[in-house]
Amino acid sequence: MGIADDFRNEVEIATRNALAESGSEVDFIIEVPSVGDADLAVPCFNLAKTMRKSPKDIAEKLAGMIRPSGSISAVSSMNGYVNFSIDRGVLVTETLNEILAKGDGYGRLPPTGVRVNVEHTSTNPTGPIHVGRARNPIIGDTLARCLKMCGNEVVTEYYVNDVGKQVVILTWGVENIPKGSVEEEERDKTDHKLVAYYRKANKMMEEDPAVAEQISDMLRRFEAGDQEVIGSVRHTAQIMLEGLKESLANINVALDRYTWESDFIADGSAASVVSRMKRTDYAGQTEDGSWYVDLAEFGVNGKNTKFTFTRSDGTTLYTTRDIAYHMSKFSRSDRVIDVLGEDQKLGSQQLTYALRILGCVMEPEPMFYAFVSLPEGKMSTRKGVVVYLDDLIDEAVERAYEEIRSRRDDMSEERMRETARVIGVGAIRYNVVRVQPEKQFVFTWKEALNFDGNSGPYLQYVHARACSMLRKAGDFERDADPSKLTDEYEIKLVKVLSKFSSVIAEAGNQKRVHVLPAYGHEVASAFNQFYAAVPVLSSGASANARLTLVECSKIVLRNVLECLGMGAPEEM
RNA sequence: GGACGGGUGGCCUAGUCAGGAUAUGGCAGCAGCCUCCUAAGCUGCAGGCCGAGGGUUCGAAUCCCUCCCCGUUCGCCA
């Protein structure tokens, strides 16, 4: 692939040959040294036992046997490690030429032909997206982008829960609460307008038994297949969803497909799941008449190992319909990924076993994230203890606007607004995705609006900086001559650029999206150090080569930003 | 109570899967750096019993055991 992989392969072959020559074919690992200037190292400690020599001796012997060749420029030993250095000339030429040749495609892995379905967001259409839930679309969308870069055919999908009590409550509220009697939110967006009815309906249901009865009745009619109720609930969900889509679009998230939960009831596939489940050896029925499968032998723990898939009246449950949904996804995908909140862990596990019982060979790959809370505690849409994503976006964009205005007097108002949006949204996405998903996350405005250091704007700033230099340079002749790029900062930058495709592979295929912002920061930081230490435009004979390095950095950064769903501003 | 996940300088965080050399980066703090390509930047300083204790190993933030703290979950809810 790239020079980084070539170098690693050469190190592996050279080491294996040297070991074979000395009569010991033992396994060894190759790692990136945590200390010193070498680029790769082979620790010899685990070889010591089988070879019956000290690690230090082994390392010295191996280092003496391996001759630098190809992309390996030097081999040495220290403290029981064999250290390998990459040939700088090869590194510079290969890396820069590959980036220039591939451009937007630099970092992209060869096509796999694998169809990957990524379900994400899927929040209940009962209220606006709050910053707790926002982790889902941001992680999901970033993962989907990375999987595409990994050469897969990716479809993103939102499962719309237009079935069940929550949406019925909302619909009851919208249909029965007079317009003037709720405090409508100021924001002119359907999700914000409707959530007021949802809150009020919940409150009324708790306080007034008559209302509770009306809602129960509506729910019964819904379950019984009353087309009027089903239709109006779906209609309400649709309206709500328009608002949610707008919020998602504002953070550069657009899903390929929306699948409605009620469709699995309407088309009979949920009922088909029920009849198939009933025929399995795991199925049973309680005295009341509800059906379950016993998952005890699958290692499901807890007080109750029974997984119920119909109510006593025969109607289906959320998870039953989710089984039908997953079978639908299996029929059109090779890999199915679900981005879920950690509260779904048990449900996801039950789903997996139920699918297995039904004979499915494919299994969903869940990806869980921990909840985001506020310093004062958990968020709750119903109680109104929330920070909405829309408010966060506004706040971040406003803050970015102030920053731009304070340092630029030559930009048009429109341009400043436009750029502020790119920066504000970038800051939000970066801030969310930089943290490992399973880590608990306490939302603070200070962190969310951080534009310095390890932040989205830091990467964008470097992109803008590189663009500015290239603008000033005008036309120049590209030059990847390694004899003109010998400064330590230049070499370090090139090394970082050469790693991109391996980072993409990890972020996508291993579903470790948080490595991507870390990498972006590494690129930007290496660039800033280079920028501070090495003159470019005024560097005479080296100028073209340095400008080439600037251009390559810009390309890599833009590709990283693209994978992160962040804009790459040309000035800021 | 069981299951699952998290615990790394004042705060946030990487590294844990595949044990290795001096634990990553940032924020906040202190001290420097714009007559020079965007200072949303760069350089330096200071700050750590990697939750606690035991074990395995030549070697443990990383593996094993026990315990503590935080989160999630254990519905004929979604």
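Here is how names work: the chains are called A, B, and so on, in the same order as the sequence lines, proteins then strands, and each is numbered from 1.
- Counting all heavy atoms, side chain and backbone alike, A:Gly341 lies closest to A:Phe368 at O-CD2, 3.6 Å.
- Within 4.0 Å of A:Asn83, counting heavy atoms only, lies at least one base atom of the nucleic acid.
- Heavy atoms of A:Ile29 sit nowhere under 4.0 angstrom from any nucleic acid atom.
- Among the nucleotides B:A78, B:G26, B:A21, the one closest to any side-chain atom of A:His521 is B:G26.
- Considering only the side chain of A:Val435, B:U13 comes nearest among B:A21, B:U13, B:C76.
- Note on residues 535-545 of chain A: no pairs pass side-chain hydrogen bond (donor to acceptor under 3.5 Å, both in side chains), not counting sequence neighbours.
- Phosphate contact (OP1/OP2 of B:C77, side-chain N/O of A:Arg311, threshold under 4.0 Å): present.
- Side-chain proximity of A:Thr319 to B:A78, B:C76, B:U72: nearest is B:A78.
- Put simply, CD on A:Gln344 is 15 Å from C1' on B:G71, counting in whole angstrom units.
- A:Thr286 comes within contact range of at least one nucleobase, with a heavy-atom separation under 4.0 Å.
- Heavy-atom nearest nucleotides on RNA chain B were determined for A:Gln510 and for A:Asp162, and the one closer to the 5' end corresponds to A:Gln510.
- Taking every side-chain heavy atom of A:Leu317 into account, B:C76 is the closest of B:C37, B:C42, B:C76.
- Under 3.5 Å, the side chain of A:Ser312 and the base of B:C76 form at least one donor-acceptor pair of N or O atoms.
- At whole-Å resolution of the value, NE2 in A:His514 and C1' in B:G15 are 9 Å apart.
- A:His463 approaches A:Leu557 most closely through the heavy-atom pair N-CD2, 3.9 Å.
- Closest approach of A:Arg135 to A:Phe371, counting heavy atoms only: NH1-O, 4.4 Å.
- Among the protein residues, A:Ala41 comes within range of the nucleic acid bases, having at least one heavy atom under 4.0 Å from a base atom.
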Residues 36-46 of chain A, side-chain donor-acceptor partners within the protein, below 3.5 Å, at least two apart:
residue	atom	partner	partner atom	Å
A:Asp39	OD1	A:Lys495	NZ	2.6
A:Asp39	OD2	A:Ile86	N	2.7

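- Taking the side chain to side chain contact (heavy atoms under 4.5 Å, CB included) definition, one finds that A:Arg512 meets it with A:Glu506, A:Gln510, A:His514, A:Val515, sequence neighbours left out.
- At whole-Å resolution of the value, NZ in A:Lys446 and C1' in B:C12 are 9 Å apart.
- Using a 4.0 Å heavy-atom distance criterion, A:Lys378 is classed as a sugar-phosphate-only contact.
- Comparing the P positions of B:G44 and B:U66 gives a spacing of 46 Å, expressed to the nearest Å.
- Closest to the side chain of A:Asn79, out of B:A21, B:C76, B:A78, is B:A21.
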Distance-only donor-acceptor hits, side chain of residues 516-523 of chain A, under 3.5 Å, sequence neighbours excluded:
residue	atom	partner	partner atom	Å
A:Tyr519	OH	A:Val496	O	2.7
A:Glu522	OE1	A:Lys499	NZ	3.4
A:Glu522	OE2	A:Lys499	NZ	3.0

### Task
Decide yes or no on side-chain contact (heavy atoms from CB on, under 4.5 Å) for A:Glu119 and A:Tyr325, but give the supporting numbers first.
CA-CA 11 Å; A:Glu119 182 204 330; A:Tyr325 174 46; 3.3 Å; yes
### Task
Evaluate side-chain contact (heavy atoms from CB on, under 4.5 Å) for A:Phe298 paired with A:Thr352, printing each intermediate quantity in order.
CA-CA 10 Å; A:Phe298 294 92; A:Thr352 299; over 6 Å; no
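- Residue A:Met469 has its side chain nearest to B:C37 when only B:C37, B:U16, B:C76 are considered.
- Among all heavy-atom pairs drawn from A:Glu438 and A:Ala370, the shortest one is O-CB, 3.6 Å.
- The residue A:Val163 sits close only to the backbone: its heavy atoms come under 4.0 Å of sugar-phosphate atoms, none of a base.
- Among the atoms of the strands shown, base atoms are found under 4.0 Å from some heavy atom of A:Ala464.
- The side chain of A:Tyr458 lies closest to B:G41 when the candidates are B:C37, B:G41, B:A21.
- The same atom, P, is picked in B:G47 and in B:G41; the two are 25 Å apart, to the nearest Å.
- In B:C34 the base sits syn relative to the sugar, since the glycosidic angle is no further than 90° from 0.
- Regarding contacts with the backbone of B:U24, every side-chain N or O of A:Arg434 stays at 4.0 angstrom or more from both OP1 and OP2.
- Between A:Thr308 and B:C76 there is a side-chain polar atom (N or O) within less than 4.0 angstrom of OP1 or OP2.
- When distances run from any side-chain atom of A:Asn528 to the nucleotides B:C74, B:A21, B:G41, the shortest one goes to B:G41.
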N/O to N/O distances under 3.5 Å, protein versus nucleotides 43-46 of chain B:
residue	atom	partner	partner atom	Å
B:U43	OP1	A:Gln529	NE2	3.4

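- Residue-to-nucleotide contacts include a donor-acceptor pair under 3.5 Å from the side chain of A:Asp288 to the base of B:C76.
- Listed for the A:Ser262 side chain is no donor-acceptor partner under 3.5 Å among the backbone atoms of A:Val163.
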Could you run down the sub-3.5 Å N/O contacts of the protein with nucleotides 5-11 of chain B?
residue	atom	partner	partner atom	Å
B:G5	O4'	A:Lys345	NZ	3.1
B:G5	O2'	A:Glu438	O	3.4
B:G5	N2	A:Gln440	OE1	3.0
B:G7	OP1	A:Lys439	NZ	2.9

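- When heavy atoms are screened at a 4.0 angstrom cut-off, A:Phe309 is found touching no nucleic acid atom at all.
- The heavy-atom pair separating A:Leu194 from A:Leu170 by the smallest distance is O-CD1, 3.6 Å.
- The nearest whole Å value for the distance from the CH2 atom in A:Trp260 to the C1' atom in B:A78 is 16 Å.
- Rounded to whole Å, atom C1' of B:U24 lies 10 Å from atom CD of A:Glu522.
- Taking the nucleotide of RNA chain B with the nearest heavy atom to each of A:Asp452 and A:Phe371, the more 5' of the two is matched to A:Asp452.
- Residue contacts shown for A:Gln460 are absent, as no nucleic acid heavy atom lies under 4.0 Å away.
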